[in-house]
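Read through the structure below, which is laid out as structure tokens, and then see the notes.
We count residues from 1, following the sequence as given. Computed from heavy atoms alone, side chains included, the values below leave out hydrogens, waters and symmetry copies.
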Amino acid sequence: MKKTLVYKHKDTLLQGSVHIPEGKGPFPALLMLHGFASNRMGNQDSFVRMGNQLESAGFVVFRFDFSGCGESEGDFFDLTVSREIEEAIALIHFCRQHPEVDPDQFHLLGMSLGSVVASIAAGKHPELIKSLCLWSPAAVIVDEIMKQGTIQGKSVDIIKKQGYMDIRGRKLGPALIEDVKTLDIYGTAKSYQGLVKIIHGDADDIAPIVYAEKYMEVYPESAELVTVSGADHGWASLEDRGILFDETERFFLRGGNENEDNTGEQ
């Protein structure tokens, strides 16, 4: 069963969807956090399909649009990673209180920049998160902006010239540039020492896999990195997406408790 949800964070309405399995709860649950300039549907409906699959496996699944994205209120112009982290933490508290949810079995799943947000939110509140799954974490964002002076290949200098950057037909303002200066992605993430699974394609030209490998240095005992040969950032092929979905479901079905080697390759 799928329903729409609305959560008011401060003065901003965030639009969401929840998948609720058949039967009697409470159920284990997870919150899915979408990537940069995306929405709760995910790349080519990846979040919808993953949500359906996990619902069938007995999970309550929450998907929300960050402010300024999808159907949520707010302006994309003002997007910052810190704002998304704040919203994610508020949503974790909100979703854990849902009557169908077992709050002691609450998990996080992120995609791309959403993975970075998930890792930091878990680092700030490790007591709230049972396990953490990161798809193609885009921790490159700090180096990309601060060292390369780009966002997804586009020079950030244009923001200085015209006050905004065109991101898929939407205006992105300068706040994101200033915000990344304050981010300590790995330093904050390492406070979460629960169970982690990272799934990353070695053909990802948006978020190079070395940034996923660096997470392994801060999650030395609890993480598994699955490298999928030939997979790109958007998990565009049926085969790659099948691996992504099945690895994710297997991880959450085991409660994140995978007694396997810390690295793997598909």
At what distance, to the nearest 0.5 angstrom, does [atom1] of [X] lie from [atom2] of [Y]?
X    : Y    : atom1 : atom2 : value
I141 : L113 : CD1   : CG    : 5.0 Å
I145 : I177 : CD1   : CD1   : 4.5 Å
L54  : M32  : CG    : CE    : 6.5 Å
Q15  : F66  : CD    : CZ    : 15.0 Å
S222 : K190 : OG    : NZ    : 13.5 Å
M165 : Q162 : CE    : CD    : 9.0 Å

Sub-3.5 Å donor-acceptor pair from the side chain of [X] to the main-chain atoms of [Y], do we have one?
X    : Y    : value
S72  : G68  : no
E73  : L13  : yes
E144 : Q152 : yes
S112 : G35  : no
D75  : D78  : no
Y192 : I129 : yes
K130 : P103 : no

Which heavy atom of [X] sits nearest a heavy atom of [Y], and at what distance?
X    : Y    : value
T12  : G74  : CG2-N, 4.1 Å
A139 : V116 : N-CG2, 3.5 Å
S119 : Y219 : CB-OH, 3.6 Å
S191 : G123 : CB-O, 3.2 Å
A118 : L132 : CB-CD1, 3.8 Å
A37  : I167 : CB-CG2, 3.9 Å

**Request:** Any chance you could lay out the side-chain contact (heavy atoms from CB on, under 4.5 Å) test for I199 and W235, step after step, and finish with the verdict?
**Result:** CA-CA 11 Å; I199 312 172; W235 302 91; 3.7 Å; yes
**Request:** Just say parallel, tilted or perpendicular for the rings of F94 and F64, cut-offs at 30° and 60°.
**Result:** perpendicular
**Message:** Over 60° means perpendicular and under 30° means parallel, so tell me whether F62 and F106 are parallel, tilted or perpendicular.
**Reply:** tilted
Taking 4.0 angstrom as the limit, do [X] and [Y] come out as a salt bridge?
X    : Y    : value
R40  : E71  : yes
K181 : E178 : yes
E217 : K214 : no
K147 : D143 : yes

So [Y] and [X], do their side chains get closer than 4.5 Å, heavy atoms only?
X    : Y    : value
Y211 : S136 : no
Y7   : C95  : no
M50  : L109 : yes
F76  : R170 : yes
C133 : F252 : yes
D205 : D232 : no
H19  : V60  : no
F59  : P21  : no

For residues [X] and [Y], is any side-chain donor paired with an opposing acceptor at under 3.5 Å?
X    : Y    : answer
D179 : S82  : yes
H34  : R63  : no
S46  : N43  : no
S67  : H9   : no
E213 : H200 : no

**Message:** Apply side-chain contact (heavy atoms from CB on, under 4.5 Å) to residues V18 and V61 and explain how you reach the verdict.
**Reply:** CA-CA 6 Å; V18 58; V61 181; over 6 Å; no
**Request:** Please confirm whether K171 makes a cation-pi placement over Y164, using NZ or CZ under 6.0 Å from the six-membered ring centre and within 45° of the ring normal.
**Result:** yes
**Request:** Evaluate the salt bridge (Lys or Arg N to Asp or Glu O under 4.0 Å) criterion for residues K2 and E55: first the C-alpha distance (whole Å), next the side-chain angles of each, then the deciding distance (0.1 Å), finally the verdict.
**Result:** CA-CA 9 Å; K2 188 160 55 180; E55 176 192 342; over 6 Å; no
**Centroid-centroid under 6.0 Å between Y186 and Y215 rings** =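 Ring-ring flag for Y186/Y215: true, centres closer than 6.0 Å.
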Are [X] and [Y] grouped together when hydrophobic residues (ILVMFWY) are joined by side-chain heavy atoms under 4.5 angstrom apart?
X    : Y    : value
L238 : M111 : no
L79  : I158 : yes
M1   : V6   : no
I185 : V140 : yes
L108 : L128 : yes

**Item:** side-chain contact (heavy atoms from CB on, under 4.5 Å) evaluation trace for E84 with T80
**Value:** CA-CA 7 Å; E84 293 194 349; T80 65; over 6 Å; no
**Prompt:** side chain to side chain donor-acceptor pair (under 3.5 Å) with S131: which of Q105, K197, R254, H107?
**Reply:**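 Exactly one candidate clears the test, H107.
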**Message:** Run the salt bridge (Lys or Arg N to Asp or Glu O under 4.0 Å) test on E86 and R83 for me, step by step, so that the C-alpha distance in whole Å, both residues' side-chain angles and the decisive distance to 0.1 Å come before the verdict.
**Reply:** CA-CA 5 Å; E86 180 183 298; R83 184 176 79 175; over 6 Å; no
**Message:** Apply side-chain contact (heavy atoms from CB on, under 4.5 Å) to residues V228 and D202 and explain how you reach the verdict.
**Reply:** CA-CA 6 Å; V228 181; D202 65 5; over 6 Å; no
**Prompt:** Counting heavy atoms not belonging to Q148, are there more than 12 under 6.0 Å from its CD?
**Reply:**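 More than 12 heavy atoms, drawn from other residues, nucleotides or ligands, come within 6.0 Å of this atom.
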**Request:** Step through the shown structure and confirm whether more than 12 heavy atoms of other residues, nucleotides or ligands are within 6.0 Å of CD on E127.
**Result:**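 Counting neighbours around CD of E127, more than 12 heavy atoms of other residues, nucleotides or ligands fall under 6.0 Å, so yes.
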